[in-house]
Trainee: 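One structure coming up, written as structure tokens, with questions to follow.
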Amino acid sequence: MNSIDQYPLDELKLVYLTLHAALPSTPDLMDSALLQDVQTRLQKAAKGDGVDVSHHAQWATWLNNGVVRLQLK
């Protein structure tokens with residue numbers, strides 16, 4: 001089995017975004033160790049790129065490889 005650090009960041013981003021999008025319909029994912037491990041790994045990489053992960057827009061833009069996603073209300 002591979003360590004979470006051995007997977008490409010783009011693959012981890014896709015997995016994270018997919019799991020995160022499923023949270024409303026699958027709230028048990030909030031307690032998922034896998035989701036937490038992926039998020040921790042991605043946040044470490046984002047911080048290394050100078051991203052303030054506590055700033056939602058910066059974090060979301062980094063996760064989407066620089067694409068700004070607007071949320072319509």
Side-chain angles (χ1 to χ4, degrees):
M1 182 184 308
N2 287 339
S3 162
I4 199 83
D5 294 327
Q6 294 177 327
Y7 291 96
L9 283 178
D10 285 339
E11 188 173 323
L12 291 174
K13 288 177 182 183
L14 178 59
V15 168
Y16 177 80
L17 290 169
T18 301
L19 291 175
H20 194 269
L23 286 173
S25 62
T26 315
D28 289 345
L29 281 172
M30 285 294 271
D31 297 326
S32 167
L34 175 61
L35 181 60
Q36 185 62 44
D37 289 348
V38 172
Q39 179 174 315
T40 299
R41 171 66 180 99
L42 290 173
Q43 286 180 341
K44 180 180 174 183
K47 288 176 185 177
D49 286 345
V51 174
D52 179 354
V53 297
S54 68
H55 188 273
H56 180 75
Q58 284 185 33
W59 169 238
T61 300
W62 184 85
L63 283 171
N64 288 291
N65 297 316
V67 176
V68 177
R69 305 253 187 221
L70 298 177
Q71 291 185 348
L72 301 175
K73 295 182 181 187

Trainee: Could you check whether any side-chain heavy atom of Leu34 comes within less than 4.5 Å of a side-chain heavy atom of Leu29, counting everything from C-beta outward?
Mentor: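 No - every pair of side-chain heavy atoms lies 4.5 Å or more apart.
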Trainee: Answer with yes or no whether the hydrophobic clustering places Tyr7 together with Leu14; edges join I, L, V, M, F, W, Y residues whose side-chain heavy atoms lie under 4.5 Å apart.
Mentor: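 No, because Tyr7 and Leu14 fall into different hydrophobic clusters, even though each may have its own neighbours under 4.5 Å.
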Trainee: Could you tell me which non-hydrogen atom of Ala21 sits nearest to which non-hydrogen atom of Pro24, and how far apart they are?
Mentor: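 Closest approach of Ala21 to Pro24, heavy atoms only: O-CD, 3.3 Å.
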Trainee: Side-chain donor-acceptor contacts of residues 38-45 below 3.5 Å, not counting sequence neighbours, with atom names and distances?
Mentor:
unit_1 : atom_1 : unit_2 : atom_2 : d
Gln39  : OE1    : Tyr16  : OH     : 3.2
Thr40  : OG1    : Gln36  : O      : 2.9
Thr40  : OG1    : Gln36  : NE2    : 3.3
Arg41  : NE     : Asp5   : OD1    : 3.1

Trainee: Output, in order, the C-alpha distance, side-chain angles, deciding distance and verdict of side chain to side chain contact (heavy atoms under 4.5 Å, CB included) for Thr26 and Leu19.
Mentor: CA-CA 9 Å; Thr26 315; Leu19 291 175; over 6 Å; no
Trainee: Hey, is the main chain of Ser3 close enough, under 3.5 Å, to the side chain of Gln6 for a donor-acceptor pair?
Mentor: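 At least one qualifying donor-acceptor pair exists.
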Trainee: Partners of Gln58 by side-chain hydrogen bond (donor to acceptor under 3.5 Å, both in side chains), sequence neighbours excluded?
Mentor: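 side-chain hydrogen bond (donor to acceptor under 3.5 Å, both in side chains) check on Gln58 returns nothing, list empty.
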Trainee: Please round to the nearest 0.5 Å and tell me the distance separating atom CG of Asp28 and atom CG of Leu35.
Mentor: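 Separation between the atoms: 12.0 Å.
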Trainee: Compute whether any side-chain donor of one residue and acceptor of the other, for Ser54 and Asp52, lie under 3.5 angstrom apart.
Mentor: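 Asp52 and Ser54 do have a side-chain donor-acceptor pair below 3.5 Å.
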Trainee: How long is the span from the CG atom in Asn65 to the CG atom in Asp10, to the nearest 0.5 Å?
Mentor: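 Going from CG on Asn65 over to CG on Asp10, the span is 4.5 Å.
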Trainee: Relative to Trp62, does Lys13 satisfy both conditions: NZ or CZ under 6.0 angstrom from the six-membered ring centre, and within 45 degrees of the ring's axis?
Mentor: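 Yes, Lys13 and Trp62 form such a contact.
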